[in-house]
Amino acid sequence: MGYPHKPHPKETVVLSKHFGEADARSYKGWVKRGGYEMLKQALTMEPAKVIDVVKESGLRGRGGAGFPTGLKWSFMPKEKKKPHYLCVNADESEPGTFKDREIMRWTPHALLEGAAIAAHAIQAEVTYIYIRGEFTEPWTIMERALGEASAAGVFGGMKVHLHRGAGAYICGEETALMNSIEGKRGNPRIKPPFPAAAGVFGMPTTINNVETLAAVPHILKHGAAWYKGLSLASPKSTGTKLFSICGHVAKPGNYEVTMGFPLKDLLYDLAGGMRPGRTLKACIPGGSSVPILNREETESCLLDYEGVVEKGSMLGSGGVIVLDDTTDMVYQIMRLARFYAHESCAQCTQCREGTAWTTKILERILSGQGKTADLDLLLDLADNMTGKTICVLSDSCAAPVVSGIKKFRNEFEDYIAGRRKPVMVA
Amino acid sequence: MSVGTHETPPAGTEEYQPVFTGEMLERLQDVFSRYPTKQAALLPALWMVQQARGWISDRSMAEVAEVLGITPAYVKGVVTFYTMYHQHPVGRYFVQVCTTSPCNVCGAEAVARALLEATGAKELGATSPDGKWTVIEVECLGACGFATPLLVNDDFIESVTPDKVPELVRKYT
Amino acid sequence: MADDIVNLTIDGVAVSVPKGTLVIEAAKQAGVLVPHYCYHPGLPVAGVCRMCLVDIEKAPKLQIACATQVAEGMVVHTQSPQAKKGRMGVLELLLINHPLDCPICDQAGECELQDFTFQEGRPATRYSPDYPKRFNPVEDFGPDVLYVPNRCILCTRCVRFMEDVAKEPVLNVSERGDRAYIGIHPEARLDHPWAGNVVDLCPVGSLLSKDFLHKARAWELDKTASVCTGCSQGCNVTLDTRDDVVTRVRPRPNRDVNRYFICDHGRMNYRWLNRGDRIEAPLVRRGGELHATDWDEACERVATVLRGAGGTAVSLVSPRASTEALFLARELFAGLDWTGAFQVVMGEEAPLAGVPNLALRAERAPNGRGAELLGYSRDYAAALAAAERAAVVLVLDEPDVALKTAGVVIYAGTVLPERARDAVVVLPIANVAEEDGTFVNRDGRVQRYFQAKPAPGMARPAWWVLSELIAALGRADRLASAAQAFDRMAAAVEPFRGLAYAELGFGGKPTAAGALVPA
């Protein structure tokens with residue numbers, strides 16, 4: 001179960017530097033690599049100073065929304081009147097994304113150190129690391145690392161606990177995650193109140209993604225200016241980012257590049273390009289929730305928050321799903337819709353009913369029974385499912401449907417017109 | 001709490017034996033100490049029940065409710081939200097195969113079919129006649145770059161292809 | 001204070017509301033009902049049905065009116081094309097799995113799914129008949145509640161009521177996505193003393209009362225404001241009658257008394273209002289037997305008795321009698337040495353945990369406080385002892401009267417218990433559903449109830465009967481209404497002074513007496 005590839009020369013290896021080194025998982029091994037030095041330093045700093053450095057670095061949330069991390073931290077009450085909490089989002093459940101898993105598998109202490117620095121910055125005495133239930137191996141590794149670090153006393157008076165999810169995509173949404181920690185159904189909450197005002201257990205809370213926190217020690221070590229300098233295109237996107245690339249590529253895996261890196265290079269150089277004899281058809285660049293890019297858009301896309309938006313999609317979590325010319329787009333979009341229908345928490349009407357209905361329409365089209373009007377219906381349904389619910393799960397279901405029909409309409413029409421052999425849908 | 005293996009329970013014992021006694025209760029007390037409310041221990045407590053019993057019966061939900069000072073109905077609402085909690089007994093080896101798009105395009109459905117064939121389970125979700133295997137399709141396991149990943153109980157196995165399935169099944173039986 | 005008032009515009013209507021008000025509530029003040037399902041003013045906001053989508057200027061997308069607080073200068077459009085499309089989309093989605101079985105649904109006619117679909121839904125569905133609809137069997141949730149999951153729109157009002165108001169979370173949302181339904185643990189029952197409220201809260205025909213099941217169509221029911229007679233809390237209720245039969249009791253909102261709720265004891269306590277064994281004509285004793293007669297003779301007979309009476313008089317009254325009747329039952333004996341008393345059936349107290357000062361009270365009578373304010377004693381035994389030597393005893397609708405007296409018994413009641421057959425005169429009176437009147441609840445709040453159906457035969461409201469008797473004695477003018485009776489009392493009895501019947505409205509007013517101080 002080794003790390004599948006050696007760093008490519010075009011990679012900027014920061015977070016993934018020690019991926020594949022079994023020894024780095026131990027506390028000793030981590031300290032040998034300079035680990036926990038930055039935590040020690042941070043603990044001597046005023047919390048506000050730590051926040052300033054992170055603000056200055058331009059670090060943005062790596063979970064999907066890309067919200068500036070330092071700014072998020074600064075929303076926490078300065079004057080402490082109630083307990084503060086830090087929740088680490090290790091629920092990584094966005095299809096196409098598997099970077100946090102690697103961070104936890106190989107560098108558990110990097111996460112613990114980053115989390116402890118964040119906890120200090122927001123004055124949180126308790127940190128919960130919420131790990132999705134399916135991540136059995138990362139759990140075991142994190143549990144061991146946490147035990148060692150606690151025994152070594154690196155957290156001072158701060159408490160860090162692991163909390164295991166139990167199979168719910170939506171728990172990656174920060175308010176759902178907090179409900180799940182509280183022992184509730186993982187239902188997203190309406191905002192306001194925002195977590196910094198009333199989060200987990202009703203107390204001021206910050207939720208950060210694993211990769212975001214893992215970057216923090218590096219920012220402290222090399223300085224905000226260094227991190228800010230890691231930017232190939234938009235100055236609003238800084239640092240390095242782990243991109244998970246999967247699907248129809250020769251070398252799927254995680255690759256760490258500087259923000260603004262060309263998607264084309266990630267795809268053809270780092271990930272080894274398409275499988276032999278195949279060509280690129282489409283790409284979902286930011287996890288399954290974002291609009292699909294066609295070949296041309298993919299090959300001209302720069303990988304940062306602004307660059308992907310420019311192409312009509314989103315950077316999201318950095319999960320790049322590559323689809324070659326063998327892909328049945330209708331079938332895969334149906335699979336995505338089915339995923340969201342399965343994962344809908346059932347709160348909002350548009351999501352609960354809309355995701356399931358969308359799936360049924362797509363299944364019927366695949367079975368050769370579709371009607372021409374189905375496409376307009378899907379688009380109108382997608383409109384009703386976009387921007388009208390508590391969280392963005394229903395928007396996420398709509399995104400691939402809308403972009404799929406827009407960019408691959410002929411494939412839908414082929415099924416409807418009977419030009420394509422119907423697919424038996426289980 | 002640690003990730004353990006699921007033990008299949010002995011068939012239909014009439015009298016309910018509580019899970020949270022002795023060492024298990026001590027472990028739960030330790031879990032309580034991590035949260036400001038007892039209710040927050042619900043997910044960990046349910047994991048403990050599932051590890052001990054292989055699944056979570058209505059009676060177990062009532063026990064958890066009692067220990068945590070919440071209602072059985074509340075517990076049931078939570079159990080049914082999270083797909084990894086079994087509300088029915090499952091085979092000794094519970095296999096979760098990811099068939100979401102990224103794995104799907106890499107042949108995950110063929111892996112699922114191969115698993116059914118190799119285990120003798122008639123269909124997805126049904127336990128094999130020997131009671132050993134239950135195979136289900138699940139949504140994304142978070143290892144899309146290692147298609148097709150699957151979980152056998154708590155063993156996470158990557159890059160499974162249909163041709164590797166018979167050997168994999170043999171290893172467990 | 002101006003700082004606490006926010007000015008905004010809703011559909012072109014300017015409104016000023018307190019800071020913190022939700023847009024959906026502010027809209028009511030502008031005369032706009034924003035369609036909604038999950039929102040209920042008596043429950044915590046859930047924001048899940050997404051039905052109340054409105055367009056707010058400068059907001060990037062549609063907002064839900066139930067979870068958005070007003071802001072100074074806010075401009076809200078509930079009828080913009082986007083808002084209407086958003087809501088139409090929700091309605092369409094709520095109906096795709098709905099069985100559309102309105103003809104056999106108890107809720108039909110008072111169903112918010114029907115109403116809002118009628119108001120702004122799509123003329124036809126786009127959900128293909130090829131697609132199966134979700135199906136789950138009907139479940140028996142508790143003593144009076146059935147759950148019809150196929151009609152459920154998952155608004156979670158019932159779940160939130162049990163969790164946040166009753167504080168006994170026996171209902172849950174089970175499963176996820178379109179497989180979700182309202183669940184209950186197999187070992188649990190929806191048998192909380194206030195559980196019946198989930199039926200009222202359910203905006204569709206998903207939670208049904210077994211008691212009311214298939215009893216009436218909503219449009220056949222006449223609704224009358226009343227006050228529950230189940231205990232001394234004085235919950236405001238609506239009596240639903242069909243063809244002059246009370247078929248259902250439902251809570252009527254009153255922020256100061258019962259919010260939006262009533263307990264199951266009160267809800268089920270209506271069958272006596274429909275009793276068939278009523279006294280339908282005045283009876284007078286002639287030759288050792290009671291004979292039916294007219295009101296003139298009956299009144300004259302009582303007047304004759306009273307004109308000749310000296311010494312002591314005793315009134316044994318029901319704490320279910322109207323304040324007006326209780327007042328007049330005292331006035332009737334002005335000039336005599338009078339004792340009045342009542343007895344109260346006691347039961348178990350059952351509070352609604354999430355609402356302060358709301359409970360099914362141990363004292364199972366609506367007007368004990370009123371009786372007290374009018375000088376009636378709780379020392380029933382002493383009154384019975386006094387009655388033994390009394391010249392006249394008036395029994396006012398007290399069926400459980402263990403009376404021994406050497407004097408004359410006048411019985412005014414709805415039914416004729418065996419022990420009252422010794423009376424010289426029996427006067428048929430209306431029950432609470434058949435008259436107007438007031439009760440004073442335990443907190444000293446006087447509240448009106450209204451006539452919901454006619455009294456049987458010649459039965460008349462007790463205030464009328466007593467007023468006739470007083471007039472026959474030539475002591476005061478006849479009263480024409482409960483209002484007049486009340487106003488006469490307000491002029492005469494201190495705690496009621498300053499109150500006017502017409503000003504009590506539907507919500508009642510506090511008397512000067514304040515809350516009951518337990519002895």
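Throughout, a chain's letter reflects where its sequence line sits, starting with A, and its residues are numbered from 1.
Contacts of A:Ile284 with chain B are absent, with no heavy-atom separation under 4.5 Å from either backbone or side chain. For B:Ala147, no part lies near chain A; criterion is any non-hydrogen pair under 4.5 Å. Of the atoms belonging to A:Ile181, heavy atoms from both backbone and side chain fall under 4.5 Å from chain B. Only the side chain of A:Arg132 comes within contact range of chain B, judged by heavy atoms closer than 4.5 Å. A:Ser288 does not touch chain B: none of its heavy atoms, backbone or side chain, sits under 4.5 Å away. Of the two parts of A:Thr327, only the side chain, counted from C-beta on, holds a non-hydrogen atom closer than 4.5 Å to a non-hydrogen atom of chain B. No part of A:Tyr169 comes within reach of chain B, as not one of its non-hydrogen atoms sits under 4.5 angstrom from that chain. With a threshold of 4.5 angstrom between heavy atoms, A:Tyr85 approaches chain B through side-chain atoms but not through N, CA, C or O. A:Lys184 touches chain B through backbone and side chain together, each having a heavy atom under 4.5 Å away. For a residue to count as touching a neighbouring chain, one of its non-hydrogen atoms must lie under 4.5 Å from one of that chain's; by this rule A:Phe339 touches chain B with backbone and side chain alike. For A:Leu323, the part lying under 4.5 angstrom from a heavy atom of chain B is the side chain only.
In terms of non-hydrogen atom pairs under 4.5 Å with chain B, the most contact-rich of A:Ala168, A:Ala271, A:Pro83, A:Gly165 is A:Gly165. Heavy-atom pairs under 4.5 Å with chain A were tallied for B:Thr37, B:Thr99, B:Ile70; the largest tally goes to B:Thr99. Per-residue counts of heavy-atom pairs under 4.5 Å with chain B were compared for A:Gly319, A:Ser180, A:Cys345; the largest is that of A:Ser180.
In plain terms, the two heavy atoms of B:Cys144 and A:Gly96 that are nearest each other are SG-N, 3.0 Å. Contact detail for B:Phe81 and A:Cys171: the closest heavy-atom pair is CE2-SG, 4.5 Å. Of all heavy-atom pairs spanning A:Ala166 and B:Tyr82, the tightest one is O-CB, 3.2 Å. Here the closest non-hydrogen pair linking B:Leu42 and A:Gly183 is CD2-O, 3.3 Å.
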Passes salt bridge (charged side-chain N to carboxylate O under 4.0 Å, His left out), A:Glu182 versus B:Lys38? Steps please.
CA-CA 9 Å; A:Glu182 290 181 17; B:Lys38 265 193 174 181; over 6 Å; no
### Message
Before you tell me yes or no, could you show the steps for B:Met84 and A:Arg164 under side chain to side chain contact (heavy atoms under 4.5 Å, CB included), namely the whole-Å CA-CA distance, both residues' side-chain angles and the distance that decides it to 0.1 Å?
### Response
CA-CA 11 Å; B:Met84 291 182 80; A:Arg164 188 180 179 193; 3.9 Å; yes
* To do: Take B:Thr83 and A:His342 through the side chain to side chain contact (heavy atoms under 4.5 Å, CB included) test and state the conclusion after the steps.
  => CA-CA 10 Å; B:Thr83 53; A:His342 181 258; 3.8 Å; yes
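Counting non-hydrogen atoms of other residues, nucleotides and ligands closer than 6.0 Å to CD of B:Glu117 gives a total of 12 or fewer.
Side-chain N/O atoms of B:Tyr35 and A:His161 include no donor and acceptor closer than 3.5 Å.
Each of B:Asp154, B:Asn153, B:Asp155 was evaluated against A:Thr136; a single residue qualifies, B:Asp154, per the side chain to side chain contact (heavy atoms under 4.5 Å, CB included) test.
A cation-pi arrangement is present between A:Arg101 and B:Phe156 under the rule of less than 6.0 angstrom and at most 45 degrees off the ring axis.
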